[in-house]
Amino acid sequence: MPRTSFSRSVASQLVSALEANWAPASEPVAAQLWNAARPRMLSTAARAEGLLARSAAASAATLKPCSCGKVACAGQCSCGRAFCPGSHSHSLTTSAAAANQPAWAIDERAPGLAQRLAEVTKSFPSALSVDDFMARVEVALAGYGFTGDNSIAMTNLCRDESVLILEDKIESAFGSCFSTHGLGGVLTCGVIGMKAGLSHSPVVGGKERYVFFSFPHIAIDSNGKVGAVSRPNRPGASAACGALIACMGDLKRDGLEVNCKQPGVHDPLEPEYSILKQRIARRLAYEKINPLDCSLVDMTKAAERVISSDLEYLISKAVDTKKADYAVFTGVQIHNWAADLNNTTVPSLEFVGVGKSYVVVNGEKVHLDLEKVPALSPRQMQILASASPAEGKAATAASTGKLVQEIPREYLMRRLGGAMSRSHTDGAAPAWGSYVEKSYTDPHSGAPQMDHPFEAAAAPKEDAGVVTTSFFWRK
């Protein structure tokens, strides 16, 4: 019996093929079953046709039957799929992500989000979209008594303005955070700086609660270029993280030994950068890693290990677990923005490569696996995002159990600043220029600068009655 034509959708072909080839009239019982099932199958086929039509409109590929001639062929195709549409190409970055993408994840406003996730996870397998990450963090922490109302967030990020996207998300959950930001994410606040933030924590039920977030950052743009990031009104590609790129260049050129300085020694003109570089150098020497073998991804991961260790060491000196519970989340912040922010058709994304995740409650440490915390639904994610500074609806997609959400372009441009700037001066002196004093005598022109040598005439006096680490005014 000749088979039906393949000019219609695959769903309609399947129904017609079954109806033509099964010959239900030869089996009365089968005919009854077929007549009962046929209306639902046709309804399902109609819905499927709509989905396939939308999918086909977004893709130039055409569906073809398997080489055996069947529409739905079990195990005949070399790909091993039970139901294969026929000839196709297999790509690690596209087809694998699409195969794990549920039907509801298709979003016409931002095609390819799952593929962007796949590209990022090549370098950072644990990466989660920033909204997905924060949702899982909140859910996991709620089970151990941490909420935005009873905790203070302690954030340690780079000084780069691009990191504020993540900080905004943290503050939308926990309110204003205490910042210990440093160049490249290096921690230079010390124990007293850490205690300053801890002393601001709410006290609920006799307990203080702290949530530490610590992330160096890296850019992987929409074209997959590592280290490249577009910034508003700045031509060409910029870099992230610039400090870590500089560190990598210095360590490759000068080696580790010359940069492994004694703790406490730093360049007074480059305090944070010199401290960042020597801490990374000491860590690479300890791990026996040759900087010549390091990519920017490797250097960023090394910085994350260094900064996470520094954070945990400061916590051990500053936190009293008898009066406080705390949580720690470390990793790498990843900017997956449009390669050109002037191109409004390419979405910008933000990810977090998850590192350490744990809580310490009543002195007992419990490690958290954020991968095991289920992602929210797209509707829930939209509601969550609407409560953060990124107003408006953003495109979403899903792949391998992870949810990806676009960073709205309007919010991104506004948060970074300078996007709408135009020159508003003609270079001429202002009309009120004659009233401006052009000469000034500094009464302290001989004061010591940051890199001047200084020797104290006498040792400083110590007052045993003054506790310098207290942040409460004494009566």
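What you see is a predicted model; the values in this text were computed from it and never measured. Along the sequence shown, residues are numbered consecutively beginning with 1.
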Visitor: Using atom types as modelled and distance alone, determine if a side-chain donor or acceptor of Arg231 lies under 3.5 Å from a backbone N or O of Ala239.
Guide: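 Confirmed, Arg231 side chain pairs with Ala239 backbone.
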Visitor: Would you call the rings of Trp337 and His335 parallel, tilted or perpendicular, taking 30° and 60° as the class edges?
Guide: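 Taking His335 first and then Trp337, their aromatic rings sit tilted (interplane angle of 30° to 60°).
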Visitor: Can you find a pair of side-chain heavy atoms, one from Pro216 and one from Gln333, that are under 4.5 Å apart?
Guide: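 With C-beta onward as the side chain, the pair stays apart.
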Visitor: Specify whether Phe329 and Phe213 have parallel, tilted or perpendicular ring planes, treating 30° as the upper limit for parallel and 60° as the lower limit for perpendicular.
Guide: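 Phe329 vs Phe213 ring planes: parallel.
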Visitor: Whether the Glu167 and Thr155 side chains hold a donor-acceptor pair (N or O, under 3.5 Å, no angle test) is what I'd like checked.
Guide: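 Yes - a donor-acceptor pair under 3.5 Å links their side chains.
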Visitor: State whether the side chain of Tyr273 and the backbone N or O of Ala246 hold a donor-acceptor pair below 3.5 Å, judged by distance alone.
Guide: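 Flag set: sc Tyr273 to bb Ala246 pair under 3.5 Å.
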Visitor: Are any of the side-chain heavy atoms of Glu312 and Lys356 separated by less than 4.5 Å?
Guide: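 Yes. Closest side-chain heavy atoms under 4.5 Å.
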Visitor: Asn156 side chain to Gly185 main-chain N or O, any donor-acceptor pair under 3.5 Å?
Guide: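 The answer is yes, because a donor-acceptor pair under 3.5 Å joins these two groups.
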Visitor: Under 6.0 Å from the six-membered ring centre of Phe133 and within 45° of its axis: does the NZ or CZ of Lys169 meet both?
Guide: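 That pair does not qualify as a cation-pi contact.
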Visitor: Kindly indicate whether the side chain of Tyr326, heavy atoms from C-beta on, has any atom under 4.5 Å from the side chain of Tyr358.
Guide: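 Answer yes - side chains close enough.
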Visitor: Taking all non-hydrogen atoms of both residues into account, name the closest pair between Ala375 and Arg136 and its distance.
Guide: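 Looks like CB-NH2, 3.5 Å.
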Visitor: Going by heavy atoms in the side chains, are Thr300 and Phe215 under 4.5 Å from each other?
Guide: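 Result no, sub-4.5 Å side-chain heavy-atom pair not found.
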Visitor: Run the numbers on Asp131 and Ser129 for side chain to side chain donor-acceptor pair (under 3.5 Å), then give the verdict.
Guide: CA-CA 6 Å; Asp131 289 296; Ser129 178; 4.9 Å; no
Visitor: Identify which one of Arg159, His266, His181 satisfies the side-chain hydrogen bond (donor to acceptor under 3.5 Å, both in side chains) criterion when paired with Glu272.
Guide: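 Of all the options given, the one that passes is Arg159.
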Visitor: Please check: side-chain N/O of Ser201 versus main-chain N/O of Leu198, any donor-acceptor pairing under 3.5 Å?
Guide: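 No, the answer is negative, given that no donor and acceptor are paired below the 3.5 Å cut-off.
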Visitor: What is the minimum heavy-atom distance between Leu311 and Ser214, and which atoms define it?
Guide: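 Minimum heavy-atom contact is CD2-CB, 3.7 Å.
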Visitor: Give a yes or no on whether the backbone of Val120 and the side-chain of Ser123 come within a donor-acceptor separation of less than 3.5 Å.
Guide: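 No; judged by distance alone, with no hydrogens or angles, the pair does not exist.
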Visitor: Taking Thr121 for its side chain and Ala127 for its backbone only, find out whether a donor-acceptor pair lies under 3.5 Å.
Guide: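 No, because the side chain of Thr121 does not come within donor-acceptor range (under 3.5 Å) of the backbone of Ala127.
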Visitor: One pair to check against salt bridge (Lys or Arg N to Asp or Glu O under 4.0 Å): Arg253 and Asp250. What are the steps and the verdict?
Guide: CA-CA 5 Å; Arg253 184 187 66 244; Asp250 287 353; 3.2 Å; yes
Visitor: Output, in order, the C-alpha distance, side-chain angles, deciding distance and verdict of salt bridge (Lys or Arg N to Asp or Glu O under 4.0 Å) for Asp254 and Lys277.
Guide: CA-CA 12 Å; Asp254 302 330; Lys277 183 168 62 173; 5.3 Å; no
Visitor: Is it the case that the side chain of Ser357 and the backbone of Leu370 share a donor-acceptor pair, with hydrogens and angles ignored and the cut-off at 3.5 Å?
Guide: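 Not a single qualifying donor-acceptor pair exists.
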Visitor: Classify the side-chain pair Glu371/Ser126 by whether it contains a donor and acceptor separated by less than 3.5 Å.
Guide: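 No, no side-chain donor-acceptor pair sits under 3.5 Å.
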Visitor: Any carboxylate oxygen within less than 4.0 angstrom of a Lys/Arg side-chain nitrogen, looking at Asp149 and Arg209?
Guide: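 Salt bridge absent between Asp149 and Arg209.
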Visitor: Going by distance alone, is a donor N or O of one side chain under 3.5 Å from an acceptor N or O of the other, for Glu270 and Ser274?
Guide: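 No, because no side-chain N or O of Glu270 sits under 3.5 Å from a partner of the opposite role on Ser274.
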Visitor: Could you tell me if Asn362 and Lys207 have a donor-acceptor pair between their side chains, going purely by distance under 3.5 Å?
Guide: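 Yes, a side-chain donor-acceptor pair sits under 3.5 Å.
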Visitor: Main chain of Cys260, side chain of Arg282: is a donor-acceptor contact present, judged purely on distance under 3.5 Å?
Guide: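 Absent.
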Visitor: Looking at Ser222 and Ala339, would you say the former's side chain and the latter's main chain have a donor-acceptor pair under 3.5 Å?
Guide: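 It does hold such a pair.
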